[in-house]
Amino acid sequence: MPTFAWQAKIRGERGLAINVESVGARNPAPDPSTDVKGRADAGTQRPARILVVDDEAHVRAMMGSALERQGYDVQLAASGHEALEILERNAFDLVLTDIVMQDGNGIALLERVHGQQPQLPVVMVTAIHDISVAIDAMRRGAYDYLLKPFEREHLVSTVQRALDHRVVLQESHTYQQNLEQVVRARTEMLRQAMDNLENSYDVTLEALGDALDLKDSETEGHSKRVTAYTIALARAMGISPIEIKVIARGAFLHDIGKMAIPDEILRKPGTLTPEEQEVMREHCTRGYHMLRKIPFLCGAAEIVLTHQEHYDGGGYPAGLRGGEIPIGARIFAVADTLDAITSDRPYRKARTFDAAREEILRCSGTQFDPGVVEMFLKMPGELWNELRSEIDLQSKRYSAFDIAHAPDLPSL
Ligand SMILES: [Fe+2]
């Protein structure tokens with residue numbers, strides 16, 4: 001390596017500006033204006049740790065000694081390779097490295113350090129004719145550079161500036177992390193609150209569905225079964241979970257408008273007259289108007305309104321056809337018929353799931369969307385049986401609960 005003026009000065013030649021021996025003699029106590037203990041690590045108050053990398057022993061020694069006399073904790077490395085080994089085992093607050101060294105250049109070391117510890121400042125030390133390299137080093141992430149020859153004061157002030165910069169970076173990083181933690185915690189709280197709210201909504205809906213089942217005894221358990229069938233079909237059709245929630249609520253409340261139908265029509269054992277049928281058909285729009293003003297049920301209201309539409313336009317209330325009918329309502333239509341056929345009615349016994357499959361296939365393209373029917377037929381028949389048994393079991397558990405024999409219940 002070329003000999004520079006500052007190296008000559010270290011050897012005690014004329015014009016010595018920085019001298020390993022004289023640095024301490026001229027300024028034996030740490031400079032109070034550079035309170036490294038406080039600035040290097042505000043949390044631990046420990047001295048800042050600096051790694052000095054230079055392949056020339058006397059340069060290393062000079063810089064190390066000058067910095068130690070300032071109160072810094074200094075470690076020396078004779079090559080980029082050794083520096084990397086030391087960095088693997090120890091934590092530092094700053095790296096000071098020569099640019100041109102025998103085992104490679106300081107730029108490679110800079111890139112490794114910057115890649116692995118982006119918050120660790122690296123100051124490059126270079127001779128004046130390397131100025132373009134030094135600038136290039138800064139583009140690659142070096143914090144600053146020191147031009148040889150340099151005064152001790154210049155070394156100290158550059159080091160302190162770099163350490164201050166590191167503190168600012170660390171504080172900003174910590175602030176960012178805290179902020180992210182706060183945002184994550186708040187988001188989770190909000191999500192839980194939304195979940196709780198949604199659960200409360202669904203419990204309310206269940207009560208509404210149960211109320212309807214009580215009013216319309218012919219459909220006991222129908223709302224829950226048809227919801228389960230609709231969900232299973234919607235999943236098989238690849239509908240998104242968010243949309244399935246909306247469809248499920250619509251399926252569960254599909255006949256909610258029957259609450260507004262007079263009992264003498266709703267519970268009439270015989271065939272309805274045309275006028276009575278007309279009143280009965282109003283349950284779709286009545287249900288729709290009941291739900292549409294409730295924000296979290298406006299999507300479900302659409303299913304309620306269209307659940308009696310037929311794929312070929314032969315349904316009611318609007319005679320919609322094909323894709324005009326929401327997909328949820330087209331899926332529901334199949335599920336509803338499946339449950340109707342496989343449930344007892346006062347005027348007939350329940351038929352088998354195979355019979356329901358035949359009937360649904362027969363009405364594909366007229367009452368039902370052929371795409372939904374195709375998916376329904378691909379699904380295993382036992383699935384519907386299992387779902388039905390599960391829901392029946394739940395209903396039995398509920399109805400078997402005898403309030404008179406529940407001693408722990410508070411008296412009303
Ligand atoms: Fe209906």
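Whatever order the structure lists ligands and atoms in, that order sets their numbers, starting from 1.
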Would you mind reporting whether Asp93 and Arg46 have side-chain heavy atoms less than 4.5 Å apart?
yes
So, 2.8 Å as the limit: is an N/O/S atom of His307 located closer than that to the Fe ion (ligand 1)?
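Checking the Fe ion (ligand 1) against His307, an N, O or S atom does fall under 2.8 Å.
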Just checking: Asp255, one of its N/O/S atoms, less than 2.8 Å away from the Fe ion (ligand 1), yes or no?
yes
Considering the options Trp384, Phe376, Phe252, which one meets the ring-ring contact (aromatic ring centres under 6.0 Å, His included) requirement together with Tyr229?
Trp384
Would you call the rings of His254 and Phe332 parallel, tilted or perpendicular if under 30° counts as parallel and over 60° as perpendicular?
tilted
What angle, in degrees and rounded to 10°, do you get at the Fe ion (ligand 1) when you join it to NE2 of Gln308 and to NE2 of His283?
100°
Candidate list Arg225, Arg351, Arg388, test side chain to side chain contact (heavy atoms under 4.5 Å, CB included), partner Thr342, passing option:
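Among Arg225, Arg351, Arg388, the one that satisfies the side chain to side chain contact (heavy atoms under 4.5 Å, CB included) with Thr342 is Arg388.
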